[in-house]
Structure formats: C-alpha cells, structure tokens
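Take a look at the structure set out below.
Proteins get letters first, then strands, A, B, ... in listed order; numbering begins at 1 in each.
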Protein chains: 2
Amino acid sequence: MVGAKKMPQYKKLYEILRKHITSGLYPEGSLLPSENELCALHGLTRPTVRHALDQLVKDSYIIKQQGKGSIVSKLPKDIGILSIHGSTSAIGKEHLKTLIIEKPAIKAWDTPFMFELTDIERESGCICFERLRLVNEIPVFYDITHIPNINMPRFASRNFKNKSLFEILRTGYQIEIIGGEQRLKAIPADKRISKHLQVKEGHPILHVERKMKTNRQGFYIYSTLYFNSENHSVCGTF
Amino acid sequence: MVGAKKMPQYKKLYEILRKHITSGLYPEGSLLPSENELCALHGLTRPTVRHALDQLVKDSYIIKQQGKGSIVSKLPKDIGILSIHGSTSAIGKEHLKTLIIEKPAIKAWDTPFMFELTDIERESGCICFERLRLVNEIPVFYDITHIPNINMPRFASRNFKNKSLFEILRTGYQIEIIGGEQRLKAIPADKRISKHLQVKEGHPILHVERKMKTNRQGFYIYSTLYFNSENHSVCGTF
DNA sequence: TTTTATCACTTGTATTTACAAGTTAATTTT
DNA sequence: AAAATTAACTTGTAAATACAAGTGATAAAA
C-alpha cells in the first residue's frame, strides 16, 4: 500500500468507516456506533474519533444528531453530474441512449474559449467530441466535451458507445472528477441546436458551461451542454 | 430574545472573523492572526479557536497552511450556488439592489407545491415573500421564497431591505443551509415574469426550483427563481 | 390509561496539556 | 558572500477530562 503508515489516526478511522458505509455494512438510515464505542473499538480518544466523524459529515456520508447518534445518509453525491428528471416518470437506464455526433478528435482550442486556459492547456490542444443523448428516442441534450490533450494516450480512438466518459477516465486513466464550476443560462435555440434537439428555432434551451476539476493537478475537463427542458429538468444536489 | 446569548464561543468567534473578512479588515491573501494570538485576544483556548477556524475553512473564507497561517481567500459564495456573473465585469455589492415585491406573509402552501411536503410542513403553513434583484438598476432575477412557519417567531415582521436572507437565518435563528437539491429549466417568460424582468413574453428565462436543507432537522427552505440570463449567468461550484 | 418524571445514553462544547511538523528569518559557519 | 544551521514562529495531531444539552425508554405518579 502507498503510504498508509504516516496517516494520522483520525484519517485512518475515517477511511475505515467510509469503507464500511460504502460497502453497505452500515446501511442508509442506520446508526454508526456511538463515539464512545468507537473510542473503545479503535483505542482512540473522543476528540480523535470526533475529528474522523467531522470528516464524514463534511463529505456527507453521515448526519449527526445530538442525543441520538450518527446517522448514515445516502451514499456519495454524484459529483454534480447533472441527472435528468422527467416530468412524467423516473428515467431508467434502458431508456437513455447516446449518439456520437462528432467522434473524439484532436484539434486546437476555440478562441476565445468559454473558460480561461493555461499556456500548457493552450499549447497541448484538446480532444473534442460531441454527443447527443436521447430519452425514449427523443433528443434531450447535446453535449460538447473538451479534454486537454495532455498525457491521454489512445484516448481519441476509444469506443464511447456504451461506456460513460467518466468511467473511461476513471478506469483507463485514473482520473476522477473532484469538483468544478459551472455557468447556467437560458438561451433561444439557434439553427444548429434546433436541428439536433428537434425544436423550433428560438425555443428556450438550458445552456450549461462547466469546468471540472480532477484529481490530476491542473487537469480540467470542459463541457458545454444544451438541454431541452420542455419535458425534463436538470437536477443536482449541492 | 432571538438567541444571540447561548451561541457557543466558537460560533461567536466565527461570526466575528467572518464579519472582519467580509468587511475587508483582513483583505484577500493576508494572514489572520495566529491561533495563539486569537486565543489571547478572545480569551479562548486553542481547540475552540481551531473549531471556529475549521468553520471558516469549511465555508472557504480561509485556507490554512501548516507552518504559515490562515490565509484569507476570495470572498465566497452566498450559498455556493447562487452567485451572479456578469458578461462584462464582476458585480460589486454596490450595484446589487433588492426590491421587495411581496412582503413576508404567512399563508397556506400552494397545491401542488413544487416539492413534496411533510404533513408537519403542510399543517404549519408557510412564510412567503417575493423579491426582485437588480444589477445596475436592471432587473436580473425574481425570487419567490417559501419557509415553513415552524418556530420562526417574528420572522414575517423582519426587515429584509439590507440584510441577506441567509444572514438573518444564521444570526437570528441559528439556521444554516447545509445543502440541497435543485431543478433547472429554460422556459419562455410568461406575462408576470416578463413584467417583472422587463423582457418580452416568450424570452428564454432560467427557472430554478430549490429545496435547501438546513442544520435544523426536517426544516427545509424552498425557493423559486426566474433569471434573465441575457446579460448574466448563474454560477455555481460543485 | 395517561401523564409526568427520571435515568441512561447520545452528541455538543470547552479546557488543558503535550509534542510533531512545516515555514521563515536570523544567525552561524564555511 | 554563500551555504548551512538554528531558533522562533506557525498549524497539525492527540491525549485526558469535565460538564451541557438533546433523545428515548423506562418507571412512577396521576
């Protein structure tokens, strides 16, 4: 294991409990052992145990309630990956289809780009691709993704058909999204958008520009979204 | 008395430092007094001071660096999700104005309401008010807030003119927003919206429905937003 | 039976003490 | 003068202790 030796006690306990929660040992809604029990179990003092629990609260794995205990809350937030919520019913995975409009290709960044770029990003160029997502065969959002072409071997030739972008990044490149920023607007559909989303020109479209921070230092992923929110909403937690 | 008396010490210090930072006493990039200095200044012990600083870190008012100190970072987010970003320049507080369209009043919940309500919420009724926010005298967003009328003494008679809602909730009722969910849509402006936001009917409007979770168990704050995103964007981090 | 009170248990706040580890600047040595 | 060392800071981790405050179940009283 990589450097688990000098990890502080509270962090060790945090990792243990985190693993127990995500693995389902403590199901959602159940109570964690009390602070005093955790002290006895792991040979720690209460301030240390509380420090570990504070981290779990911060990452919203648990909610604490005075007089009651530490309640396990729903498993991790989907990192702002905007989920879709239909106005009629929940959308199962089986109804969601992805169409590749433009295959991943290496090109120069647009100038100006929606976010400010570093010199390194600018020089490296980007991998760009466009996708259309359909729910029940109806196009719902149109997605343009820009990834800096820095240490991304064979990315452009990968098959995106059935795997999520984030799954490929995580499993193929050990890249995980750890946060980001986004800008939202409502805009009228232009010719290109109206064609892809099959709406009239001028129809209100939800426009999202996102800059996603990753666990790789200085490596960001950019994405532009055009969303037909007539029958669906974009949902998110914060 | 609206409970400023039994506020814990660490929270008092948090509020003091927070005020000092937002008021510009400690400018961005500068160092806060060291933990030991804060102990001496306020007659507290280091764990208590550290607890206060932890809160400031959590809310990203400061960044701590071992061996150096607590560095004041950029003034943040009102509540993480809702800052406005102009397409031309940053928006200073001096250019932001709030207009009360409907004063806080106790009434029954709309049926159906945008989010599902518990029986307790439904029975208690709600405090509802509507505000219009202007940037440089131009209306930018229209805001309808619903707060359950549960243990909120004298809330309806408070003056909202110059204080942020969240500031009143935090200082007057010890209520803090700890998260939430939201749904976003792009919709055409109807008659009412177009009147308030001074746009043509049918103009694309960003519509946000939010359910905000608080530190008070089972207590949620609901808000509906209509945003004219022609010249501004809604920005958020995740 | 219903209400009230108590008790055991939970987390919340706060003090005190100690040492580890990172940063910076002054001092000493080369 | 330049490099290395030291000293004096800073925050980080961790222990032991105490009491306050909220919760829930049990026991006592009405």
Side-chain angles (χ1 to χ4, degrees), chain A residues 3-17 21 26 29-73, chain B residues 1 3-17 21 26 29-73 120 150-151 170 173-176 178 214-219:
Chain A
K5 208 48 167 299
K6 39 168 51 178
M7 193 184 286
Q9 308 258 47
Y10 79 89
K11 208 157 199 173
K12 277 193 228 170
L13 178 55
Y14 165 86
E15 286 298 343
I16 291 170
L17 292 174
I21 290 171
Y26 302 120
S30 67
L31 290 175
L32 244 49
S34 80
E35 296 180 354
N36 284 324
E37 282 174 327
L38 289 172
C39 290
L41 279 167
H42 299 89
L44 299 169
T45 57
R46 240 189 102 204
T48 306
V49 167
R50 281 179 65 79
H51 197 166
L53 294 179
D54 283 344
Q55 304 301 308
L56 290 170
V57 169
K58 184 171 72 66
D59 297 343
S60 68
Y61 284 101
I62 61 170
I63 295 170
K64 298 183 80 173
Q65 192 180 338
Q66 188 174 4
K68 198 171 181 188
S70 300
I71 305 161
V72 176
S73 64
Chain B
M1 170 208 57
K5 206 49 165 301
K6 35 168 56 176
M7 194 184 284
Q9 309 257 48
Y10 80 87
K11 211 157 201 173
K12 279 192 228 169
L13 178 56
Y14 166 85
E15 286 296 342
I16 291 170
L17 293 173
I21 291 171
Y26 302 120
S30 68
L31 289 175
L32 244 49
S34 80
E35 296 180 354
N36 284 324
E37 283 174 327
L38 288 172
C39 291
L41 278 168
H42 299 89
L44 299 169
T45 56
R46 237 188 106 206
T48 306
V49 167
R50 282 178 66 79
H51 197 167
L53 294 179
D54 283 345
Q55 304 301 308
L56 290 169
V57 169
K58 184 172 73 65
D59 297 342
S60 67
Y61 284 102
I62 61 171
I63 295 170
K64 298 183 80 172
Q65 191 179 338
Q66 187 174 6
K68 197 171 183 188
S70 300
I71 305 161
V72 177
S73 64
I120 299 169
I150 304 172
N151 197 15
R170 188 179 61 249
Y173 301 89
Q174 285 78 52
I175 292 174
E176 292 191 47
I178 57 176
T214 70
N215 56 345
R216 201 190 270 188
Q217 185 75 8
F219 190 81

Without placing hydrogens or testing angles, list every side-chain donor-acceptor pair under 3.5 Å for residues 63-70 of chain B, not counting sequence neighbours.
from, atom 1, to, atom 2, distance (Å)
B:Lys64, NZ, B:Glu35, OE2, 2.8

At under 4.0 Å between heavy atoms, which parts of nucleotides 5-14 of chain C does protein reach? Answer with one letter per nucleotide, 5' to 3': B base, S sugar-phosphate only, - none. -----BBBBS
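Checking A:Thr48, A:Ile16, A:Leu53 one by one against A:Leu38, the side-chain contact (heavy atoms from CB on, under 4.5 Å) holds for a single residue, A:Leu53.
Atoms NE2 (A:His42) and C1' (D:dA15) sit 18 Å apart, rounded to a whole Å.
In terms of the side chain to side chain donor-acceptor pair (under 3.5 Å) criterion, B:Thr214 has no residue partners (sequence neighbours excluded).
With a 4.5 Å cut-off on side-chain heavy atoms, B:Asn151 and B:Phe219 do not count as touching.
B:Tyr26 and B:Leu31 get closest at one heavy-atom pair: CD2-O, 4.5 Å.
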